[in-house]
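In what follows, a structure is listed as structure tokens, so that the remarks can point back to it.
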2 protein chains.
Amino acid sequence: MVTKAQKEEQLRAKVLKVAQQLFQQYGLQKVTMDDVARAIGKGKSTLYYYYKSKEEIFDAVVEHEIKDMLAHLRTALAQADTASAKLETFVLTKLRIMRQKVALYNLLYEDITRHYVQEFSERIRQHYLQTEVLMIKEILQLGVDTAEFKGITDLNLDQVAFVLTSGISGIEQHTLLSEQFGPAEENVKLLSRILVQGLKR
Amino acid sequence: MVTKAQKEEQLRAKVLKVAQQLFQQYGLQKVTMDDVARAIGKGKSTLYYYYKSKEEIFDAVVEHEIKDMLAHLRTALAQADTASAKLETFVLTKLRIMRQKVALYNLLYEDITRHYVQEFSERIRQHYLQTEVLMIKEILQLGVDTAEFKGITDLNLDQVAFVLTSGISGIEQHTLLSEQFGPAEENVKLLSRILVQGLKR
DNA sequence: TTTCGACCAAAAAAGTTTTATGGTCTAAAA
DNA sequence: TTTTAGACCATAAAACTTTTTTGGTCGAAA
């Protein structure tokens, strides 16, 4: 027997699931609340019983995608032993997942940054940046703890993590846009290798 | 006595100079051919005697700015002795010049990428990228030649140069937008230091 | 408590009119 | 012969108006 609270939670989850599918099918900006309501067989105002606003639904979908991406990253990182292996795994896995999301949502690479900056809320962007910087920081901390990264023991790991995060995303952006200097995978691996060497000293 | 050809060249140069000043004063998109013509005291169709189109004038102004920026970079690099000193000088000087241009043209940092991608011609963007990659490659070549950079002797320097260029510009973009992880100068120096350590191995 | 049709206000889209602008032409001036 | 510019064209952009869409609310019914 399903409780009232469970039924409500099921409907809330269904709204997000359906919204996500519609976003993928029609694009992030084309989907209306009416679309979502029809797709789950309810009236539009019903959505406002379960969610405060369209933005709340949109943010929840985005957060779910990000959480999914971060989960994949953590799973992949868990299978790498050393800090340097983890850094390489990080850049490659992130690139792979980005390609998948781009294909799934039928986006152009050019549009990723525009969507990210203009439509994702500041809170989500901040949270994502903080989380990514934190993942890199954990890798760096492991490198310091295992004496693999001797070159940064005197540095602020938050700042180092941020610098690496930014550099990596610069590579992602440039090489996804144009692979005239070789495949994106090779480029991010090369950066990872140089960075690792730099961290080890 | 000034020859006809010299007079023509003077007028061509004056058109560019005035166009540049107007772009700085009113923004890259607001200036009309009529504006430029009035500012040099001629009729609009006169401009078309000296230039093929507005785009040709715009491109010439942009190319002049880029040439100016690259000249400053080269001057600064010439004063650094070692490859690692040159890399650090490169990232710091580039950052400084970008701040100057942003102030001069009254731009927002957010708009730099948008202008660069949407308004600068593909040819100019390609040329600029190639030139920047080449400058970095020369630094890397010097590092290899002086045995300062032992870690990349087996690599394709074009690709390494591109990877560094992209990573550096990722840092520039992120830290110019938000200095929550410390001043942009510190961040680019930190990246430079880590990269240099990585290149040395 | 949950649902929804009717409704509202504002935004977005579509359509129309007016103005601006890149560019050309041809004749006049130098 | 070279340089210049006013008039003009076609298109784009801007401004304005009308229509449609959409996020969100309300109150009543289930």
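Just so it is clear: chains get the letters A, B, ... in the order the sequence lines come, proteins before strands, and each one is counted from 1.
- Among the protein residues, B/Y50 comes within range of the sugar-phosphate backbone only, with heavy atoms under 4.0 Å from sugar or phosphate atoms but none that close to a base.
- Residue side chain B/S45 does not reach the base of C/dG23 through any donor-acceptor N/O pair under 3.5 Å, judged by distance alone.
- Side chains of A/Q159 and B/N187: a donor-acceptor N/O pair is present below 3.5 angstrom, by distance only.
- The distance from atom CD of B/E8 to atom P of D/dT4 is 9 Å, rounded to the nearest whole Å.
- Ion pairing of B/R193 with B/E186 is absent here, as no side-chain N (NZ or NE/NH1/NH2) approaches a carboxylate O to less than 4.0 Å.
- Under the 3.5 Å distance criterion, the side-chain polar atoms of B/Y50 are left unmatched by any main-chain donor or acceptor of B/V15.
- Against DNA chain D, the stretch residues 14-29 of chain A makes no heavy-atom approach under 4.0 Å.
- For the pair B/E55 CD and C/dG23 P, the interatomic distance rounds to 8 Å; values are reported in whole Å.
- In summary, B/D68 and B/K101 engage in a salt bridge, as defined by a charged side-chain N under 4.0 Å from a carboxylate O.
- Summarising the geometry, the separation between CG on A/L47 and C1' on D/dG24 is reported as 11 Å, rounded to the nearest angstrom.
- Taking atom CD1 of B/I40 as the reference point, atom P of D/dA5 lies 9 Å away to the nearest angstrom.
- Distance B/I57 CD1 to C/dT21 C1': 14 Å, rounded to the nearest Å.
- Across all strands shown, A/F58 has no heavy atoms under 4.0 Å from either base or sugar-phosphate atoms.
- One side chain, B/S84 or B/E148, offers a donor N or O that lies under 3.5 Å from an acceptor on the other.
- Put simply, OH on B/Y49 is 15 Å from C1' on C/dT26, counting in whole angstrom units.
- The CG atom of B/L11 sits 10 Å away from the P atom of D/dT3 (whole-angstrom rounding).
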If you restrict it to nitrogen or oxygen atoms, what contacts under 3.5 Å exist between nucleotides 20-23 of chain D and the protein, and what is each distance?
| unit_1 | atom_1 | unit_2 | atom_2 | d |
| --- | --- | --- | --- | --- |
| D/dG23 | OP1 | A/K54 | NZ | 3.0 |
| D/dG23 | OP2 | A/M33 | N | 2.9 |
| D/dG23 | N7 | A/K44 | NZ | 2.9 |

>> Pair B/Y128, B/F120 - check ring pair (Phe, Tyr, Trp, His ring centres under 6.0 Å), show working.
In response: CA-CA 10 Å; B/Y128 179 72; B/F120 295 9; 9.0 Å; no
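- The closest donor-acceptor contact from the side chain of B/T46 to the backbone of B/G43 lies under 3.5 Å.
- Salt bridge annotation for B/E132-B/K94: present, with a cationic side-chain nitrogen under 4.0 angstrom from a carboxylate oxygen.
- Ring geometry for A/F162 versus B/H174: interplanar angle over 60°, hence perpendicular rather than tilted (30 to 60°).
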